[in-house]
Amino acid sequence: MKHITLLAGQTTLADWRSIYRGATVELDAACAAAVQASADTVARIVAKGAPVYGINTGFGKLASLRIDASDLETLQRNIVLSHAAGVGEAMPVAITRLMMALKLASLAQGASGIRPSTLLLLQDMLQRDVIPVVPAQGSVGASGDLAPLSHMSAVMLGVGEVHSAQGPVPAAQALAAAGLSPVVLGPKEGLALLNGTQFSTANALAGLFEAERLFQAAMVSGALSTDAAKGSDAPFDPRIHALRRHRGQIDTADALRELLQGSAIRASHLQGDERVQDPYCLRCQPQVMGACLDVLRRAAESLETEANGVTDNPLIFSADDTALSGGNFHAEPVAFAADMIAMAVCEIGSLAERRVAMLVDPALSGLPAFLTPKPGLNSGFMIPQVTAAALVSENKQRAYPASVDSIPTSANQEDHVSMAAHGARRLLPMCENAMAVIAIELLAAVQGCDFHAPLRSSPSLETVRQQLRALVPFLSDDRHMHPDMQAAIGLVRSGALSQGLRLPGVA
């Protein structure tokens, strides 16, 4: 288990990936001075008595209403409880943990006015596995991810529920069991906790990391399909891709060429093959998958920037005791990144499904119909291909950009919103669909290669074949397909297909 120290504004994409995968987290001790200075600035602003949004005023459309000094603690508690209005299923624990870590990193930069003790409670909750139950629906991705972050923050007050092995438990009970006490929020603290893009960003980062795993698995299954269909590796020649200059295309072609290096199946048809060109689903893998990789990398760059930013409001500048209201909470960059990831995931699955369709068609693949030794009596891979087609179509429907939508909220004070939250939330289900498509391709490609025995594929791809065959035997006669597919899906999800292989990633 890795341990990550969050450096204010400098945490790497690899560290965020590790946190998503379960790494423990702590703040860099060097952030304490800036956090304390920010809290001191808020105290001085309160003492001066001038109206400052979010500190001694109402919120949103109610910003013009002044709040008495005696009610400032109640004001911060009220905003957390009133905004904890999410619905739907709870977010996965891994994403909630990532959201909490993102919020920690943002608050630790000393621009939010939160006290060190409040910040440390959030850190202690992460370290002691006090993970709030956060309903997944309710944010429009602007004015912050208010509802989900409020559910997180409510637990800090002893309100709401926390995940446990036995199911949800009351927040106060979970805090006490972890040796923690609820916090009484000071001026600005409630708003600082619930205003920001951390929910959208956590979901988008999770989608990115799963899309990276998907991409790498699809590289392996695509190379196997190329060998199963006795396709050519000539389209992966580096001279072709150097002329077009796209980095993702070049990296993808290099990886495919390396995956196929040493294949006896490929060597068997270097001479005397009457086919001139392979179908696009084989020949254009570098162009399609490379474009997907470029898009994922652009999304990764944007999300890494967002993860290291400060996105609440107002922002506190201790150098001159200033609180400035702006719009850093608007999650448009996250919405665009999520849309890019969604399109890439959709295309990865779409191309893989076409390879499955090609493999089961004897006119295109040269293999037995539906990859069964006795077609007619057996249906073989007929319906797994249909399942892959269904999943791809579902992803096509989900890939429509979320960022082009908007709906006014808060009595038209918040009149343009990003929809980043649900744009990011769809990514994991889309990745699950596409991973199932890749798993079906893996089963079909390995079955296809088996028909070329005793010829073997490359050493790299033979290792993958052995991984699958340790779980799923050759399909001689029809059998219950679902367990085979679930085993292959588990292999794809685990990331085991890419272990030990040099495959391009998002960073």
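Keep in mind the model is a prediction, meaning the values are calculated, not measured. Residues take their numbers from the sequence shown, with the count starting at 1.
- Under the 4.5 Å side-chain criterion, counting only non-hydrogen atoms from C-beta, W16 is in contact with L6.
- Interatomic distance, CG of L27 versus CG of L7, reported as 10.0 Å (0.5 Å rounding).
- Within the structure, no pair that satisfies the ring-ring contact (aromatic ring centres under 6.0 Å, His included) test touches residues 249-288, not counting sequence neighbours.
- Counting only N and O atoms by type, the side chains of H330 and S418 include no donor and acceptor under 3.5 Å apart.
- Within the model, atoms CD1 of I440 and CD1 of I489 stand 6.5 Å from one another, a figure rounded to the nearest 0.5 Å.
- For R21, the salt bridge (charged side-chain N to carboxylate O under 4.0 Å, His left out) partners at least two apart in sequence or on another chain are E210.
- Side-chain atoms of E414 and S143 form a donor-acceptor pair, as typed in the model, at a separation below 3.5 Å.
- Of the inter-residue distances, the one linking S106 atom OG with N195 atom CG reads 9.5 Å to the nearest 0.5 angstrom.
- D254 is linked by a salt bridge (charged side-chain N to carboxylate O under 4.0 Å, His left out) to R257, counting only residues two or more places apart in sequence or in another chain.
- In the displayed structure, R456 atom CZ is contacted under 6.0 Å by at most 12 heavy atoms of other residues, nucleotides or ligands.
- Listed for the R245 side chain is a donor-acceptor partner under 3.5 Å among the backbone atoms of L243.
- Not a single donor-acceptor pair under 3.5 Å links the side chain of R247 to the backbone N or O of I250.
- The stretch residues 365-382 participates, sequence neighbours left out, in these side-chain hydrogen bond (donor to acceptor under 3.5 Å, both in side chains) pairs: K374-D477, N378-D477.
- Ionic pairing of R298 and D294 is not present here: no N-O contact between side-chain nitrogen and carboxylate oxygen is shorter than 4.0 angstrom.
- Of the charged side-chain nitrogens involved, at least one lies within less than 4.0 Å of a carboxylate oxygen, so that D484 and R479 count as a salt-bridged pair.
- Screening residues 223-267 for ring-ring contact (aromatic ring centres under 6.0 Å, His included) gives no qualifying pairs among residues at least two apart or on separate chains.
- In this structure, the side chains of F336 and P401 stay at 4.5 Å or more apart for every pair of heavy atoms.
- In this structure, S498 and Q216 approach most closely via the heavy-atom pair OG-OE1, 3.6 Å.
- More than 12 heavy atoms of other residues, nucleotides or ligands shown are found within 6.0 angstrom of CG on L270.
- The residues D145 and K103 are annotated as not salt-bridged, no charged nitrogen and carboxylate oxygen being separated by less than 4.0 angstrom.
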I341/L303 under side chain to side chain contact (heavy atoms under 4.5 Å, CB included): CA gap, chis, key distance, verdict: CA-CA 11 Å; I341 296 167; L303 291 175; 4.0 Å; yes

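- Here A177 pairs with nothing under the side chain to side chain contact (heavy atoms under 4.5 Å, CB included) rule; sequence neighbours left out.
- Residues that satisfy the salt bridge (charged side-chain N to carboxylate O under 4.0 Å, His left out) test with D233, not counting sequence neighbours, are R266.
- The stretch residues 449-495 participates, sequence neighbours left out, in these ring-ring contact (aromatic ring centres under 6.0 Å, His included) pairs: F451-F474.
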- prompt: Please walk me through it: do L491 and Q467 pass side chain to side chain contact (heavy atoms under 4.5 Å, CB included)?
  reply: CA-CA 8 Å; L491 196 58; Q467 284 180 288; 4.2 Å; yes

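- Looking at R283, its side chain never comes within 3.5 Å of a backbone N or O of P235 through a donor-acceptor pair.
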Which side-chain N or O atoms in residues 430-437 pair as donor and acceptor under 3.5 Å with protein atoms at least two apart or in another chain?
residue : atom : partner : partner atom : Å
E432    : OE1  : R493    : NE           : 2.9
E432    : OE1  : R493    : NH2          : 2.5
N433    : ND2  : E394    : OE2          : 3.1
N433    : ND2  : N395    : OD1          : 3.0

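- T201 meets the side-chain hydrogen bond (donor to acceptor under 3.5 Å, both in side chains) test with T197; sequence neighbours excluded.
- Inter-residue side-chain proximity for L443 and M485 is flagged as met; some heavy-atom pair is nearer than 4.5 Å.
- Using a 4.5 Å heavy-atom threshold, the side chains of M419 and S406 count as separate.
- Within the 3.5 Å criterion, the main-chain N or O of M91 finds no donor-acceptor partner in the side chain of R425.
- The closest side-chain donor-acceptor pair between N328 and T311, if any, does not fall under 3.5 angstrom.
- Under the 3.5 Å distance criterion, with hydrogens and angles disregarded, no donor-acceptor pair is assigned to the side chains of H422 and Q137.
- Considering every non-hydrogen atom in both A211 and V345, the closest pair reads CB-CG2, 3.7 Å.
- Scanning for side-chain hydrogen bond (donor to acceptor under 3.5 Å, both in side chains) contacts around E301 gives an empty result, with sequence neighbours left out.
- Taken to the nearest 0.5 Å, the CG atom of L461 stands 8.0 Å off from the CG atom of L501.
- A donor-acceptor contact closer than 3.5 angstrom links the side chains of Q285 and T226.
- Inter-residue side-chain proximity for C284 and Q287 is flagged as met; some heavy-atom pair is nearer than 4.5 Å.
- Minimum heavy-atom separation, A217 to V492: CB-CG1, 3.8 Å.
- The CG atom of D415 sits 8.5 Å away from the OG1 atom of T409 when rounded to the nearest 0.5 Å.
- The CG atom of D273 sits 8.0 Å away from the OG atom of S232 when rounded to the nearest 0.5 Å.
- Using a 4.5 Å heavy-atom cutoff, the side chains of I265 and K230 are in contact.
- No side-chain donor from either of S458 and E258 sits under 3.5 Å from a side-chain acceptor of the other.
- Counted by atom type alone, E441 and S225 present one or more donor-acceptor pairs between their side chains at under 3.5 Å.
- M382 has its side chain out of reach of V360: every pair of non-hydrogen atoms, C-beta onward, lies at least 4.5 Å apart.
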task: Show your reasoning for whether side chain to side chain contact (heavy atoms under 4.5 Å, CB included) applies to V133 and V155.
output: CA-CA 9 Å; V133 174; V155 170; over 6 Å; no

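- Inspection of the H83 and H151 side chains reveals no N or O donor paired with an N or O acceptor under 3.5 Å.
- Minimum heavy-atom separation, A421 to F199: CB-CE2, 3.8 Å.
- At a threshold of 4.5 Å between non-hydrogen side-chain atoms, the residues L149 and L193 do not count as touching.
- Of all heavy-atom pairs between L102 and A307, the closest is CD2-CB, 3.5 Å.
- D339 meets the salt bridge (charged side-chain N to carboxylate O under 4.0 Å, His left out) test with R426; sequence neighbours excluded.
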